[in-house]
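Note that ligands are numbered from 1 as they come in the structure, with each ligand's atoms numbered from 1 the same way. Only heavy atoms go into these numbers, but all of them, side chains included; no hydrogens, no water, no symmetry mates.
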Amino acid sequence: MNHTKTIGIVGCGTMGTGIAIVAARAGFKTRIYDLRPEPLENARKQAAAFLKKSVERGKLPAGEDALIMAQFLTTTDINAFADCDLVIEAVFEDLKVKHGIFQQLNAVCPAHTIFASNTSTISITEIAGGSGRPDRFVGMHFCLPAQLMKLVEMSPGMNTSDATYEQARLLCEAMGQRPVRTRDTPGFILNYFLIPFNNDVINMVDQGVASAADIDLAIKTALGYPLGPLELLDMVGMDTQLLLCEAMHGLTHEPRAACPPLVKRMIGAGRLGRKTGQGFHTYDSNKIFGA
Ligand SMILES: NC(=O)c1ccc[n+]([C@@H]2O[C@H](COP(=O)([O-])OP(=O)(O)OC[C@H]3O[C@@H](n4cnc5c(N)ncnc54)[C@H](O)[C@@H]3O)[C@@H](O)[C@H]2O)c1
């Protein structure tokens, strides 16, 4: 499938790389911007490895990986986003950094370009307020790992126009994703549920209720989850879990959202999860998820 539309992704870390794979795999021309060439090169390698594995597993026809990679343009020049119909921002979880990016994009992109943020915890209305086009702005929260997970929580800000939301929703579906509408509230649907739930599980490990392997096995077996909560936390990373908890607890004061002491000890010990090879479980290498 080849789309005439172009999607830009800003920030090619964990989420940006996955979202770029989703966009290019759905046939969109895909532009990926980051500050330095190194993360862009890394994203390109990770995407190529993931798509090659998808061909080997029969999930993509032979040769399709090369065609998808041909849709990728990686760049350190934000002017390359001048032809984008939708730009999805996935940079650090920092309001000032996000505002800076959208101000640059607002100067480069045509009036019809929709801006979206993949933020997990910052208000969409607040980010949109510094974007120069709050009516053409929407929250698009992909789940980790974006290239495997279909859900996108879509949140209009207070000033998002109905037409913008609808156009973004259609683009999201055209990316092969399943959009779900949520209000612009802390944690949207998934993190409102998952942060306290995951913290309960972390505290269970700390109290020695059962091993990490047995807790994951129990929850997967009983509830039918494809991943155990501790396997998922190892993907998210303890450093990110700490930031998520601090943001959610700061906004909601929900006691179960407070960061468990074990997370801070694991950060101190360098046990961040998959990215350091050791979290609640041990990993051989730092491969892209699903590859
Ligand atoms: N990791 C998750 O589980 C997850 C899930 C859903 C949403 N999110 C959200 O997605 C966003 C990105 O998270 P991540 O985990 O991918 O972060 P990350 O740290 O892996 O990647 C961030 C990337 O942004 C780049 N960047 C930073 N400032 C920039 C700038 N001014 N211009 C261009 N690029 C810049 C960095 O170089 C880096 O490559 C955050 O808003 C986060 O809340 C994260």
- Indicate yes or no: does R265 engage D206 in a salt bridge with an N to O separation below 4.0 Å.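 Looking at D206 together with R265, the answer is yes, because their closest N to O distance falls below 4.0 Å.
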- Task: Determine, for R169 against E166, whether the closest basic-nitrogen to carboxylate-oxygen distance falls under 4.0 angstrom.
- Result: yes
- How many angstroms lie between CZ in F280 and CG in D216, if you round to the nearest 0.5 Å?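 So the CZ of F280 and the CG of D216 are separated by 9.5 Å.
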- Item | Spatial distance of atom CD1 (I32) from atom CG (D34) [nearest 0.5 Å] |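 Between I32 CD1 and D34 CG, I get 9.5 Å after rounding to 0.5 Å.
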- Task: Could you walk me through whether D184 and S123 pass the side-chain hydrogen bond (donor to acceptor under 3.5 Å, both in side chains) test, one step at a time?
- Result: CA-CA 6 Å; D184 177 20; S123 153; 3.2 Å; yes
Starting from [atom], what is the nearest protein heavy atom, named by residue and atom, and what distance separates them?
atom: atom 31 (N) of ligand 1; result: I101 CD1, 3.6 Å
atom: atom 41 (O) of ligand 1; result: E93 OE1, 2.6 Å
atom: atom 29 (C) of ligand 1; result: L35 CD1, 3.6 Å
atom: atom 37 (O) of ligand 1; result: D34 OD1, 2.7 Å
atom: atom 40 (C) of ligand 1; result: V91 O, 3.2 Å
atom: atom 10 (O) of ligand 1; result: N118 ND2, 2.9 Å
atom: atom 13 (O) of ligand 1; result: M15 CG, 4.0 Å
atom: atom 23 (C) of ligand 1; result: G13 N, 3.8 Å

Contact atoms of ligand 1, heavy-atom distance to [X] under 4.0 Å:
X: Y33; value: 32 (N), 33 (C)
X: F142; value: 6 (C)
X: S120; value: 6 (C), 7 (C), 8 (N), 9 (C), 42 (C), 43 (O), 44 (C)
X: C12; value: 39 (O)
X: T119; value: 41 (O)
X: K98; value: 40 (C), 41 (O)
X: L144; value: 3 (O)

- Query: For S161 and D135, does a side-chain donor sit closer than 3.5 Å to a side-chain acceptor?
  - Reply: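 Judged by distance alone, the side chains do not pair up.
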- Item | Ring geometry between F137 and F115 (parallel below 30°, tilted from 30 to 60°, perpendicular above 60°) |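 Ring orientation, 0 to 90° scale: perpendicular.
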- Is the shortest distance from atom 20 (O) of ligand 1 to a protein heavy atom below 4.0 Å? yes
Please table the atom pairs, donor to acceptor, closer than 3.5 Å between any side-chain atom in residues 96-111 and protein atoms at least two apart or in another chain.
| from | atom 1 | to | atom 2 | distance (Å) |
| --- | --- | --- | --- | --- |
| K98 | NZ | E89 | OE2 | 2.5 |
| K98 | NZ | V91 | O | 3.2 |
| K98 | NZ | F92 | O | 3.4 |
| K98 | NZ | E93 | OE1 | 3.4 |
| H99 | NE2 | E126 | O | 2.9 |
| H99 | NE2 | I127 | O | 3.2 |
| H99 | NE2 | G130 | N | 3.4 |
| Q103 | NE2 | G130 | O | 3.3 |
| N106 | OD1 | R133 | NE | 2.7 |
| N106 | OD1 | R133 | NH2 | 3.0 |

Below a 4.0 angstrom heavy-atom separation, can you tell me which part of [X], side chain or backbone, both or neither, approaches ligand 1?
X: T121; answer: neither
X: S117; answer: neither
X: H141; answer: side chain
X: M235; answer: neither

- Pairing residues for D77 by the side-chain hydrogen bond (donor to acceptor under 3.5 Å, both in side chains) criterion, not counting sequence neighbours: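 Applying side-chain hydrogen bond (donor to acceptor under 3.5 Å, both in side chains) to D77 gives N79.
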- Step-by-step side chain to side chain contact (heavy atoms under 4.5 Å, CB included) determination, R25 to Q71: CA-CA 8 Å; R25 188 174 55 193; Q71 301 281 82; over 6 Å; no
- Taking M238 as the fixed residue, which of V236, D234, T240 is the one that meets the side chain to side chain contact (heavy atoms under 4.5 Å, CB included) rule? D234
